[in-house]
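Scroll down for the structure; my scribbles are underneath it.
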Number of protein chains: 2
Amino acid sequence: MRIGQLARRSGVSVRALRYYEEQRLLESTRTTGGQRDYPDEAMERVQLIQDLFAAGLSSRTVVELLPCVSTGVATPDMLDQLIVERDRIAARIQDLTRAKTKLGHVIENVSAANVGR
Amino acid sequence: MRIGQLARRSGVSVRALRYYEEQRLLESTRTTGGQRDYPDEAMERVQLIQDLFAAGLSSRTVVELLPCVSTGVATPDMLDQLIVERDRIAARIQDLTRAKTKLGHVIENVSAANVGR
DNA sequence: CTTGCACCTCACGTCAACGTCAGGTTTTAG
DNA sequence: CTAAAACCTGACGTTGACGTGAGGTGCAAG
């Protein structure tokens with residue numbers, strides 16, 4: 001599969017895919033003409049990268065954790081870092097939940113006030 | 001209270017507080033010498049700003065929503081935006097929860113493998 | 001009075017994850 | 001064979017929330 005198709009299928013930009021390669025997050029073989037060629041598994045890989053980015057991990061962290069996330073094999077250090085990141089995400093969920101609750105209260109108050117008019 | 005004390009108490013940098021003022025998120029009176037002077041309520045205000053930033057709102061959005069968040073009064077447009085932001089946060093929580101679950105599985109697998117050694 | 005810390009205002013630097021443009025090559029459709 | 005997509009490699013631009021000096025002022029202590 002070439003880069004344009006992978007981009008359309010996985011919903012990210014062509015530029016992003018090249019960037020992932022530059023960051024060693026995603027590999028590709030090349031055609032004789034020098035164009036990138038991706039296997040079908042690349043789709044899941046890209047999806048995984050997107051998930052980890054969405055979770056707020058940096059590309060540096062992702063490149064460190066991708067091997068064990070996709071293979072299930074990890075050194076103790078990698079396990080530690082996995083736990084650190086999971087806990088960071090959990091903390092972030094707490095923050096977001098607080099903010100959401102706060103906005104929810106505001107919305108309730110405002111709505112109640114508006115009903116009263 | 002002066003800026004250094006507010007910074008220490010609320011856990012943000014002096015630079016950040018000046019930035020908040022520049023973005024009209026936070027007000028201050030000035031001493032005759034031109035130094036910023038904050039009332040005690042500024043602490044809660046800063047905390048609120050931090051919460052909303054942590055929730056991924058931009059300073060533009062925060063400056064639009066701060067009045068109704070702190071007063072409870074909002075126009076219909078503001079209410080709409082409040083709901084939009086709350087839903088955005090909810091969606092983000094979903095994403096994070098997915099990523100956390102995924103990392104949790106990886107951690108389980110790796111741990112199980114390590115126990116086996 | 002002067003030392004020294006806290007504060008002031010510019011104003012440029014940073015960092016990540018791309019966007020975008022330039023100038024050239026490869027592949028595909030007809 | 002040719003035109004048009006699609007692709008390639010640089011390389012500079014963008015955005016937000018500050019960091020980081022530079023160069024100068026305010027203020028409490030000894």
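Order of the sequence lines fixes the chain letters, A, B, ..., with proteins taken first and strands second; residue numbering starts at 1 for each chain.
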Separation of [N] [atom2] from [X] [atom1] (nearest whole Å):
X	N	atom1	atom2	result
A:Arg24	C:dA17	CZ	C1'	18 Å
B:Arg2	D:dC27	CZ	P	8 Å
B:Glu21	D:dC18	CD	P	15 Å
A:Gln50	C:dC18	CD	C1'	11 Å
A:Asp37	C:dT26	CG	P	16 Å
A:Leu17	C:dG19	CG	P	10 Å
A:Phe53	C:dA16	CZ	P	11 Å
A:Ile3	D:dC8	CD1	C1'	10 Å

Between [X] and [N], is there a contact of a side-chain N or O with OP1 or OP2 at under 4.0 Å?
X	N	answer
A:Arg18	D:dA11	no
A:Ser13	C:dG19	yes
A:Thr31	C:dT27	yes
A:Ser59	C:dA16	no
A:Tyr19	C:dG19	no

Ion pair check, A:Glu64 and A:Arg60, cut-off under 4.0 Å: yes
After noting the C-alpha distance and the side-chain angles of B:Leu82 and A:Val106, does the key distance pass the side chain to side chain contact (heavy atoms under 4.5 Å, CB included) rule? CA-CA 8 Å; B:Leu82 280 170; A:Val106 175; 3.8 Å; yes
Note, A:Gln35 side chain near A:Arg30 side chain (heavy atom, < 4.5 Å): no
What nucleotide, of C:dG19, C:dC8, C:dT28, holds the atom closest to the side chain of B:Arg36? C:dC8
From the options D:dT9, D:dC27, C:dC18, select the nucleotide whose nearest atom is closest to the side chain of A:Arg30. D:dT9
Given the rule that I, L, V, M, F, W and Y join up when any side-chain heavy atoms are under 4.5 Å apart, are B:Leu25 and B:Met78 in one cluster? no
Would you classify B:Leu57 as touching base, sugar-phosphate or nothing, given that sugar-phosphate means primed atoms plus P, OP1 and OP2, and contacts are heavy atoms under 4.0 Å? sugar-phosphate
Kindly check if the number of other-residue, nucleotide or ligand heavy atoms within 6.0 Å of CD (B:Gln47) is above 12? yes
Contacts of A:Gln35 and A:Arg15 projected onto DNA chain D by closest heavy atom; the upstream (5') one is A:Gln35
The residue, A:Arg60 or B:Arg8, whose nearest nucleotide of DNA chain C is more 5′ is B:Arg8
